[in-house]
Amino acid sequence: MKEPIENQIKRTAKEKNAIILAHNYEPPEIQDIADLCGDSLELSIKASRTSARIIVFCGVHFMAETASILCPDKQVVLPVKDAGCPMADMVEPEELAARKKELGNIPVITYVNSSAAVKAVSDVCCTSANVIRVVNSLEADEVLMCPDKNLARYAAAHTDKKIHLWEGFCPFHNRLTPEEVDAARKNHPHALFIAHPECPPEILEKADSIESTSGMIKFAGKSHAKEFILGTETGLIHPISRANPGKKFFPVSDRMLCEDMKKIRLEHVLASLERPHDHEVRVDENIRVKALGAVQKMIGLG
Ligand code: 13P
Ligand code: SF4
(Lines give C-alpha, C1' and ligand atoms only; values in the text may rest on other atoms or scores of the structure.)
(Ligands and ions follow the chains in the order given, each with its own letter.)
Protein backbone atom coordinates (compact mmCIF):
# COMPACT_ATOMS: atom_id res chain seq x y z
CA MET A 1 0.00 0.00 0.00
CA LYS A 2 1.26 3.50 -0.88
CA GLU A 3 2.47 5.54 2.09
CA PRO A 4 0.10 8.49 2.72
CA ILE A 5 1.60 11.81 1.61
CA GLU A 6 1.42 13.23 5.15
CA ASN A 7 3.66 10.36 6.37
CA GLN A 8 6.06 10.85 3.44
CA ILE A 9 6.38 14.51 4.40
CA LYS A 10 6.99 13.76 8.08
CA ARG A 11 9.51 11.02 7.28
CA THR A 12 11.44 13.11 4.71
CA ALA A 13 11.48 16.15 7.01
CA LYS A 14 12.98 14.01 9.77
CA GLU A 15 15.57 12.40 7.47
CA LYS A 16 16.67 15.81 6.21
CA ASN A 17 16.52 17.62 9.58
CA ALA A 18 13.88 20.04 8.30
CA ILE A 19 11.29 22.04 10.23
CA ILE A 20 7.97 22.97 8.59
CA LEU A 21 6.52 26.37 9.51
CA ALA A 22 3.06 27.46 8.33
CA HIS A 23 1.29 30.79 8.48
CA ASN A 24 -2.18 30.93 10.04
CA TYR A 25 -3.74 31.63 6.59
CA GLU A 26 -2.40 28.47 4.91
CA PRO A 27 -4.86 25.72 3.86
CA PRO A 28 -5.89 23.39 6.74
CA GLU A 29 -4.00 20.34 5.42
CA ILE A 30 -0.78 22.38 5.35
CA GLN A 31 -1.27 23.71 8.88
CA ASP A 32 -2.01 20.16 10.05
CA ILE A 33 1.36 18.76 8.87
CA ALA A 34 3.40 21.79 10.09
CA ASP A 35 5.65 21.62 13.14
CA LEU A 36 4.53 25.12 14.02
CA CYS A 37 1.79 27.48 12.87
CA GLY A 38 1.63 31.12 13.78
CA ASP A 39 1.56 34.78 12.81
CA SER A 40 4.45 36.56 11.09
CA LEU A 41 6.15 37.52 14.36
CA GLU A 42 5.97 34.05 15.92
CA LEU A 43 7.25 32.42 12.74
CA SER A 44 10.23 34.79 12.42
CA ILE A 45 11.16 34.18 16.05
CA LYS A 46 10.86 30.43 15.57
CA ALA A 47 12.97 30.57 12.40
CA SER A 48 15.67 32.56 14.24
CA ARG A 49 15.88 29.92 16.98
CA THR A 50 15.53 26.58 15.24
CA SER A 51 18.40 24.10 15.11
CA ALA A 52 16.98 22.41 11.98
CA ARG A 53 19.14 22.46 8.81
CA ILE A 54 16.24 23.21 6.43
CA ILE A 55 13.31 25.56 7.05
CA VAL A 56 10.28 24.80 4.87
CA PHE A 57 8.26 28.01 4.97
CA CYS A 58 4.62 27.51 4.05
CA GLY A 59 3.61 31.09 3.54
CA VAL A 60 4.51 33.81 1.06
CA HIS A 61 7.84 35.03 -0.31
CA PHE A 62 8.59 37.81 2.21
CA MET A 63 8.23 35.32 5.09
CA ALA A 64 10.79 32.92 3.58
CA GLU A 65 13.10 35.88 2.88
CA THR A 66 12.83 37.01 6.51
CA ALA A 67 13.82 33.51 7.65
CA SER A 68 16.76 33.58 5.23
CA ILE A 69 17.84 37.01 6.54
CA LEU A 70 17.89 35.60 10.07
CA CYS A 71 19.44 32.20 9.23
CA PRO A 72 22.05 32.49 6.45
CA ASP A 73 23.54 29.12 7.42
CA LYS A 74 20.24 27.31 6.83
CA GLN A 75 18.48 26.38 3.64
CA VAL A 76 15.10 28.18 3.51
CA VAL A 77 12.60 26.77 1.06
CA LEU A 78 9.28 28.12 -0.16
CA PRO A 79 7.26 25.22 -1.63
CA VAL A 80 5.65 27.48 -4.28
CA LYS A 81 8.16 30.15 -5.23
CA ASP A 82 5.71 32.57 -6.80
CA ALA A 83 3.52 32.81 -3.66
CA GLY A 84 3.88 36.53 -3.04
CA CYS A 85 2.19 39.39 -1.22
CA PRO A 86 0.65 42.16 -3.37
CA MET A 87 1.15 44.66 -0.53
CA ALA A 88 4.88 43.87 -0.34
CA ASP A 89 5.11 44.74 -4.05
CA MET A 90 3.76 48.26 -3.40
CA VAL A 91 7.12 49.67 -2.30
CA GLU A 92 10.53 49.66 -3.96
CA PRO A 93 13.79 50.34 -2.06
CA GLU A 94 14.84 53.31 -4.21
CA GLU A 95 11.54 55.16 -3.76
CA LEU A 96 11.54 54.48 -0.02
CA ALA A 97 15.12 55.76 0.37
CA ALA A 98 14.17 58.88 -1.63
CA ARG A 99 11.12 59.56 0.56
CA LYS A 100 13.19 59.13 3.75
CA LYS A 101 15.68 61.69 2.44
CA GLU A 102 12.88 64.08 1.47
CA LEU A 103 11.53 63.88 5.05
CA GLY A 104 14.93 64.73 6.57
CA ASN A 105 16.13 61.18 7.24
CA ILE A 106 13.52 60.36 9.88
CA PRO A 107 13.43 56.68 10.96
CA VAL A 108 11.64 54.24 8.67
CA ILE A 109 9.49 51.52 10.25
CA THR A 110 8.79 48.78 7.73
CA TYR A 111 6.11 46.15 8.06
CA VAL A 112 7.60 42.66 7.58
CA ASN A 113 5.25 42.34 4.57
CA SER A 114 7.99 43.80 2.38
CA SER A 115 10.97 42.62 0.34
CA ALA A 116 14.44 42.11 1.84
CA ALA A 117 15.68 45.01 -0.31
CA VAL A 118 13.10 47.32 1.29
CA LYS A 119 14.00 46.08 4.78
CA ALA A 120 17.63 46.86 3.93
CA VAL A 121 16.83 50.60 3.65
CA SER A 122 14.70 50.59 6.83
CA ASP A 123 15.59 51.33 10.45
CA VAL A 124 13.36 48.77 12.13
CA CYS A 125 10.70 46.24 11.13
CA CYS A 126 7.36 45.57 12.75
CA THR A 127 4.50 43.11 12.43
CA SER A 128 0.82 43.56 13.18
CA ALA A 129 1.49 42.00 16.62
CA ASN A 130 4.12 44.51 17.78
CA VAL A 131 3.61 47.69 15.72
CA ILE A 132 2.63 49.93 18.66
CA ARG A 133 5.55 48.72 20.77
CA VAL A 134 7.96 49.32 17.88
CA VAL A 135 6.68 52.84 17.11
CA ASN A 136 6.83 53.89 20.74
CA SER A 137 10.32 52.41 21.20
CA LEU A 138 11.82 55.05 18.90
CA GLU A 139 13.07 58.36 20.24
CA ALA A 140 12.23 60.38 17.13
CA ASP A 141 9.00 62.41 17.13
CA GLU A 142 8.37 61.73 13.45
CA VAL A 143 8.59 58.43 11.60
CA LEU A 144 7.81 57.07 8.15
CA MET A 145 5.88 53.80 8.00
CA CYS A 146 5.59 51.53 5.00
CA PRO A 147 4.05 49.88 3.09
CA ASP A 148 0.65 49.54 4.83
CA LYS A 149 -1.28 52.82 5.23
CA ASN A 150 -3.91 51.11 7.40
CA LEU A 151 -1.39 49.65 9.84
CA ALA A 152 0.23 53.10 10.01
CA ARG A 153 -3.11 54.78 10.77
CA TYR A 154 -3.79 52.20 13.47
CA ALA A 155 -0.37 52.90 15.02
CA ALA A 156 -0.96 56.66 14.76
CA ALA A 157 -4.02 56.28 17.00
CA HIS A 158 -1.78 54.79 19.73
CA THR A 159 1.16 57.17 19.78
CA ASP A 160 1.98 60.87 20.11
CA LYS A 161 4.42 60.64 17.22
CA LYS A 162 3.72 62.03 13.78
CA ILE A 163 3.49 59.14 11.35
CA HIS A 164 4.05 59.66 7.63
CA LEU A 165 2.17 57.07 5.58
CA TRP A 166 3.05 55.04 2.54
CA GLU A 167 0.06 54.44 0.28
CA GLY A 168 0.24 50.62 0.32
CA PHE A 169 -2.46 48.23 1.48
CA CYS A 170 -3.53 44.59 1.56
CA PRO A 171 -6.10 44.22 -1.24
CA PHE A 172 -8.17 41.75 0.82
CA HIS A 173 -8.28 43.59 4.14
CA ASN A 174 -8.59 46.98 2.49
CA ARG A 175 -11.71 46.09 0.51
CA LEU A 176 -13.83 45.17 3.53
CA THR A 177 -16.75 47.60 3.86
CA PRO A 178 -18.64 48.82 6.97
CA GLU A 179 -21.83 47.43 5.36
CA GLU A 180 -20.31 43.94 5.31
CA VAL A 181 -19.43 44.24 9.00
CA ASP A 182 -22.97 45.43 9.81
CA ALA A 183 -24.48 42.53 7.85
CA ALA A 184 -22.27 40.00 9.65
CA ARG A 185 -23.22 41.50 13.03
CA LYS A 186 -26.90 41.26 12.08
CA ASN A 187 -26.47 37.58 11.14
CA HIS A 188 -24.55 36.82 14.37
CA PRO A 189 -25.93 39.22 17.00
CA HIS A 190 -24.12 37.53 19.92
CA ALA A 191 -20.70 37.50 18.27
CA LEU A 192 -17.76 39.81 18.97
CA PHE A 193 -16.09 41.36 15.94
CA ILE A 194 -12.26 41.07 15.89
CA ALA A 195 -10.38 42.93 13.16
CA HIS A 196 -6.83 42.79 11.78
CA PRO A 197 -5.03 46.17 11.73
CA GLU A 198 -4.63 45.89 7.95
CA CYS A 199 -8.33 46.82 7.73
CA PRO A 200 -9.26 50.47 7.03
CA PRO A 201 -9.98 52.82 9.99
CA GLU A 202 -13.77 52.79 9.43
CA ILE A 203 -13.65 49.00 9.97
CA LEU A 204 -11.37 49.16 13.02
CA GLU A 205 -13.78 51.67 14.58
CA LYS A 206 -16.40 48.94 14.62
CA ALA A 207 -14.18 46.26 16.16
CA ASP A 208 -14.42 44.88 19.70
CA SER A 209 -10.72 44.11 19.48
CA ILE A 210 -7.88 44.70 16.98
CA GLU A 211 -5.40 41.84 16.78
CA SER A 212 -2.77 40.08 14.67
CA THR A 213 -3.80 36.61 13.48
CA SER A 214 -2.34 34.83 16.52
CA GLY A 215 -3.61 37.68 18.70
CA MET A 216 -7.13 36.77 17.54
CA ILE A 217 -6.59 33.14 18.56
CA LYS A 218 -5.48 34.23 22.04
CA PHE A 219 -8.25 36.81 22.38
CA ALA A 220 -10.92 34.20 21.57
CA GLY A 221 -9.36 31.83 24.11
CA LYS A 222 -9.54 34.38 26.93
CA SER A 223 -12.93 35.86 26.06
CA HIS A 224 -16.17 34.74 27.73
CA ALA A 225 -17.95 35.16 24.39
CA LYS A 226 -18.84 32.03 22.45
CA GLU A 227 -19.07 33.47 18.92
CA PHE A 228 -16.72 35.66 16.91
CA ILE A 229 -16.75 37.38 13.53
CA LEU A 230 -13.26 37.49 12.06
CA GLY A 231 -12.16 40.60 10.18
CA THR A 232 -9.26 38.91 8.46
CA GLU A 233 -8.35 36.37 5.79
CA THR A 234 -10.70 33.38 5.93
CA GLY A 235 -7.84 30.86 6.47
CA LEU A 236 -7.73 31.83 10.15
CA ILE A 237 -11.00 29.97 10.74
CA HIS A 238 -9.06 26.66 10.84
CA PRO A 239 -6.43 27.37 13.53
CA ILE A 240 -8.75 29.51 15.64
CA SER A 241 -11.47 26.79 15.67
CA ARG A 242 -8.86 24.12 16.44
CA ALA A 243 -7.51 26.15 19.38
CA ASN A 244 -10.97 27.02 20.73
CA PRO A 245 -13.25 23.97 20.60
CA GLY A 246 -16.82 24.79 21.59
CA LYS A 247 -16.60 28.36 20.22
CA LYS A 248 -17.90 29.47 16.84
CA PHE A 249 -16.10 31.59 14.26
CA PHE A 250 -17.55 33.30 11.18
CA PRO A 251 -15.71 35.10 8.37
CA VAL A 252 -16.88 38.70 8.12
CA SER A 253 -16.87 38.32 4.34
CA ASP A 254 -16.05 35.50 1.93
CA ARG A 255 -14.24 38.08 -0.19
CA MET A 256 -11.32 38.14 2.24
CA LEU A 257 -9.36 35.39 0.58
CA CYS A 258 -5.66 35.76 -0.25
CA GLU A 259 -4.97 33.56 -3.30
CA ASP A 260 -1.22 33.58 -2.67
CA MET A 261 -1.72 32.02 0.76
CA LYS A 262 -3.65 29.14 -0.85
CA LYS A 263 -1.07 28.14 -3.46
CA ILE A 264 0.81 25.51 -1.44
CA ARG A 265 -0.43 21.90 -1.58
CA LEU A 266 0.94 18.83 0.24
CA GLU A 267 2.59 17.72 -3.04
CA HIS A 268 4.56 20.99 -3.13
CA VAL A 269 5.74 20.52 0.46
CA LEU A 270 6.99 17.01 -0.33
CA ALA A 271 8.68 18.14 -3.56
CA SER A 272 10.43 20.99 -1.72
CA LEU A 273 11.77 18.54 0.86
CA GLU A 274 12.95 16.12 -1.82
CA ARG A 275 14.61 18.82 -3.97
CA PRO A 276 15.23 21.79 -1.64
CA HIS A 277 17.58 23.50 -4.12
CA ASP A 278 14.74 24.00 -6.60
CA HIS A 279 12.67 25.86 -4.00
CA GLU A 280 15.36 27.75 -2.14
CA VAL A 281 14.93 31.43 -1.22
CA ARG A 282 18.25 33.10 -0.51
CA VAL A 283 18.83 36.82 0.02
CA ASP A 284 21.87 38.45 -1.55
CA GLU A 285 24.51 38.83 1.21
CA ASN A 286 24.88 42.62 0.79
CA ILE A 287 21.15 43.14 1.20
CA ARG A 288 20.86 40.50 3.92
CA VAL A 289 23.39 42.17 6.20
CA LYS A 290 21.61 45.54 5.90
CA ALA A 291 18.13 44.03 6.37
CA LEU A 292 19.26 41.96 9.38
CA GLY A 293 19.68 45.07 11.54
CA ALA A 294 16.05 46.11 11.05
CA VAL A 295 14.68 42.60 11.66
CA GLN A 296 16.89 41.94 14.70
CA LYS A 297 15.97 45.29 16.22
CA MET A 298 12.30 44.26 16.03
CA ILE A 299 12.89 40.80 17.52
CA GLY A 300 14.99 42.36 20.30
CA LEU A 301 11.98 44.47 21.31
CA GLY A 302 10.12 41.26 22.23
P1 13P B 1 -0.06 38.44 10.86
O2 13P B 1 1.23 39.11 11.14
O3 13P B 1 -1.15 38.85 11.77
O4 13P B 1 0.14 36.97 10.81
O5 13P B 1 -0.54 38.90 9.42
C6 13P B 1 0.22 38.64 8.27
C7 13P B 1 -0.50 39.01 7.07
O8 13P B 1 -0.04 38.83 5.97
C9 13P B 1 -1.79 39.64 7.22
O10 13P B 1 -2.35 39.86 6.01
FE1 SF4 C 1 -0.24 40.08 1.69
FE2 SF4 C 1 -2.77 40.56 2.32
FE3 SF4 C 1 -2.06 38.14 1.49
FE4 SF4 C 1 -1.30 39.05 3.91
S5 SF4 C 1 -3.39 38.62 3.23
S6 SF4 C 1 -0.04 37.98 2.42
S7 SF4 C 1 -0.96 41.21 3.45
S8 SF4 C 1 -1.96 40.07 0.31
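Only heavy atoms go into these numbers, but all of them, side chains included; no hydrogens, no water, no symmetry mates. Whatever order the structure lists ligands and atoms in, that order sets their numbers, starting from 1. Computed from a predicted model, the values in this text were never measured in an experiment.
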Would His173 count as a contact of ligand 1 if the rule is a heavy atom under 4.0 Å away?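 It does; at least one heavy atom falls under 4.0 Å.
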Please determine whether any non-hydrogen atom of Tyr25 lies less than 4.0 Å from an atom of ligand 1.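 Yes, Tyr25 has heavy atoms under 4.0 Å from ligand 1.
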Between [Y] and [X], do the side chains contain a donor N or O and an acceptor N or O under 3.5 Å apart?
{"X": "Asn113", "Y": "Ser40", "value": "no"}
{"X": "His238", "Y": "Asp32", "value": "yes"}
{"X": "Glu280", "Y": "Gln75", "value": "yes"}

Do ligand 1 and [X] have nitrogen or oxygen atoms that lie under 3.5 Å from each other?
{"X": "Glu198", "result": "yes"}
{"X": "Ser212", "result": "no"}
{"X": "Asp39", "result": "no"}
{"X": "Ser214", "result": "no"}

What residue and heavy atom of the protein are closest to [atom], and at what distance?
{"atom": "atom 4 (O) of ligand 1", "result": "His23 NE2, 2.6 Å"}
{"atom": "atom 5 (O) of ligand 1", "result": "His196 NE2, 3.3 Å"}
{"atom": "atom 6 (C) of ligand 1", "result": "Ser40 OG, 3.4 Å"}

Which of the atoms of ligand 1 are close to Thr213, meaning less than 4.0 Å from one of its heavy atoms?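 So the atoms of ligand 1 that pass are 1 (P), 3 (O), 4 (O).
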Give the atom numbers and elements of ligand 1 that come within less than 4.0 Å of a heavy atom of Ser128.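 With Ser128 as reference, the close atoms of ligand 1 come out as 1 (P), 2 (O), 3 (O).
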With Asp39, which of Ser212, Ser44, Ser128 fulfils side-chain hydrogen bond (donor to acceptor under 3.5 Å, both in side chains)?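 For Asp39, the side-chain hydrogen bond (donor to acceptor under 3.5 Å, both in side chains) check succeeds only for Ser212.
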For ligand 1, is any non-hydrogen atom under 4.0 Å from Asn113's backbone (N, CA, C, O), its side chain (CB onward), both, or neither?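 Within the 4.0 Å criterion, Asn113 contacts ligand 1 through side-chain atoms alone.
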Is it the case that atom NZ in Lys247 sees more than 12 heavy atoms from other parts of the structure closer than 6.0 Å?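 For Lys247, atom NZ is crowded (more than 12 foreign heavy atoms under 6.0 Å).
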Mind listing the protein N/O/S atoms less than 2.8 Å away from atom 3 (Fe) of ligand 2? Waters don't count.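 As for protein N, O or S atoms lying under 2.8 Å from atom 3 (Fe) of ligand 2, they are Cys258 SG.
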